[in-house]
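Note that these values count all heavy atoms, side chains included, but never hydrogens, waters or copies made by symmetry. Labels below follow one simple rule: chain letters A, B, ... track the order of the sequence lines, proteins then strands, and each chain is numbered from 1.
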There are 2 protein chains.
Amino acid sequence: MNLKKGRRRGSPDTRESILDAARRLFSEKGFDATTVRAIAAEAKVDPAMIHHYYGTKDQLFAETIQFPIDPNVLISQIIAGGPDTAGERLVGAFIRVWDSPVGAAGVALIRSAMSHEWTTRLLREFFTTQILRRVSAELQLDPKDAQLRVNLVATQMAGLAVMRYIIKIEPLASLPPEQVVAAIGPNVQRYITGDIA
Amino acid sequence: MNLKKGRRRGSPDTRESILDAARRLFSEKGFDATTVRAIAAEAKVDPAMIHHYYGTKDQLFAETIQFPIDPNVLISQIIAGGPDTAGERLVGAFIRVWDSPVGAAGVALIRSAMSHEWTTRLLREFFTTQILRRVSAELQLDPKDAQLRVNLVATQMAGLAVMRYIIKIEPLASLPPEQVVAAIGPNVQRYITGDIA
DNA sequence: CGCGAAATTCAACTAGCGTTGAATTTATGG
DNA sequence: CCATAAATTCAACGCTAGTTGAATTTCGCG
């Protein structure tokens, strides 16, 4: 059962495989339910390696969490084309990212945001400073209710993420992207430009 | 520091106060972060009492999250009035429940659904068997897309719950109920009776 | 009043966690 | 080719959690 001690032979990709295993487990099970020992096992490595390379479990998690998208790129894409069709483009871009492999990071983030205060703060901070500021500026919304509009969009997006990628209710979870866009896009559009008073 | 042993004097409301404390802590911190010992402390009781009355921590949690409101009653309320204004009534009823003290149970449920497979299954089961069946039947929706419609409504409701009650983004978290209804109701209405193809 | 049942606390057990330090093996630069 | 650095494993520590069993006190019924 025990492996040989000392340095392994050959090129060491250990550091990366730890990060891979961590990402996989964090997104599958969330932060709490993922143990350092499980990550080590998944990466076929001793638990001590994790602290050797990444320090504490929190630090490893921080390395793991990268925002699945560069917000600036995404926002630019959505802006281009004018406000009137931004809803569909937003949902489309969202689905494209979350359906892809990098979406797992988002799942991990949401999962842990539900059980860890600091991740919650991180998310809130991210939304208000990164997203809200840029979107409301570039989309030239009335600053009066821009915040609320972005909030409302966030509810729809968060709900979509939760139901499609975490709870996985059918038929939504298996619905082709274009149908999701057709169903949800118009509602997001109303939050952006419609009458919400 | 130590209390006296043996049976306490007076009428024992211990059982209830344990449940109260459990509900409070579960909804504040989630399942994992809430320890049996913390619940016991909050209820001013020995940890052993919890097992005496409720068995394991899982069982206590199960007792905690029985739905605070009879879904049938709620659904009936929403149905009455016809499908054309069901969206606003649904959001209204939703907000009323979640803003009230019993909403804490919902927060606890969502929190743990994000990190525990069995709670996720519980939620999915509940949605598909309890909600979906009844709503689509009583609202006389086209069975063809009734499931998808309910799914879409669920995304909006879940997102609202997450953003208003868990992440607590402003101004949404502090918005008066009637304004929430005005903002979100029409979108839910479109999911129920609008064109979503 | 007496006795069994219920309620309560205490102390301890076990299991699993994150983490650490020492020991051991391999790679590498001068 | 040797010395130092890096990589890796092992064993253990300390902590905290959930859970259990015995001891102790009170209640309530006959």
Between CD1 of B/I39 and P of D/dT19 the distance, given in whole Å, is 11 Å
Scanning both residues in full, the closest heavy-atom pair of B/W98 with B/V107 reads CZ3-N, 3.7 Å
When rounded to whole Å, the NZ to P distance for the pair B/K44 and C/dT8 reads 14 Å
A/I18 CD1 to D/dA7 C1', in whole Å, measures 11 Å
Between CZ of B/F61 and C1' of D/dG18 the distance, given in whole Å, is 16 Å
From the candidates C/dT20, D/dT19, C/dT9, the one with an atom nearest any side-chain atom of B/V36 is D/dT19
Whether A/T14 contacts D/dT8 is assessed here as follows: a side-chain N or O lying under 4.0 Å from the phosphate OP1 or OP2. Is that the case? yes
Under 4.0 Å between a Lys/Arg side-chain N and an Asp/Glu carboxylate O for A/D99 and A/R164? yes
*Look at the side chain of B/R37 and the base of D/dG18, then say whether one donor and one acceptor between them are separated by less than 3.5 Å.*
yes
From the candidates C/dG18, D/dT19, D/dT20, the one with an atom nearest any side-chain atom of B/K57 is D/dT19
From the candidates D/dT20, D/dC10, C/dG18, the one with an atom nearest any side-chain atom of A/H51 is C/dG18
Notebook entry, point to check: Is the Lys NZ or Arg CZ of B/R111 less than 6.0 Å from the centre of B/Y165's six-membered ring, within 45° of the axis?
Noted result: no
B/M49 atom CE is separated from D/dG18 atom C1', nearest whole Å, by 16 Å
Does the ring of A/F94 carry A/R89 above it, NZ/CZ under 6.0 angstrom from centre and within 45° of its axis?
no
Walking DNA chain C from its 5' end, the first of A/D32 and B/P47 to be reached, judged by nearest nucleotide, is B/P47
To the nearest angstrom, the OH-P distance between A/Y53 and C/dT19 comes to 18 Å
Please walk me through it: do B/E88 and B/Q189 pass side chain to side chain contact (heavy atoms under 4.5 Å, CB included)? CA-CA 7 Å; B/E88 296 210 345; B/Q189 185 61 47; 5.8 Å; no
B/I50 CD1 to D/dA17 P, in whole Å, measures 12 Å
note: A/H52, atom NE2; D/dA7, atom P; distance rounded to Å ~ 5 Å
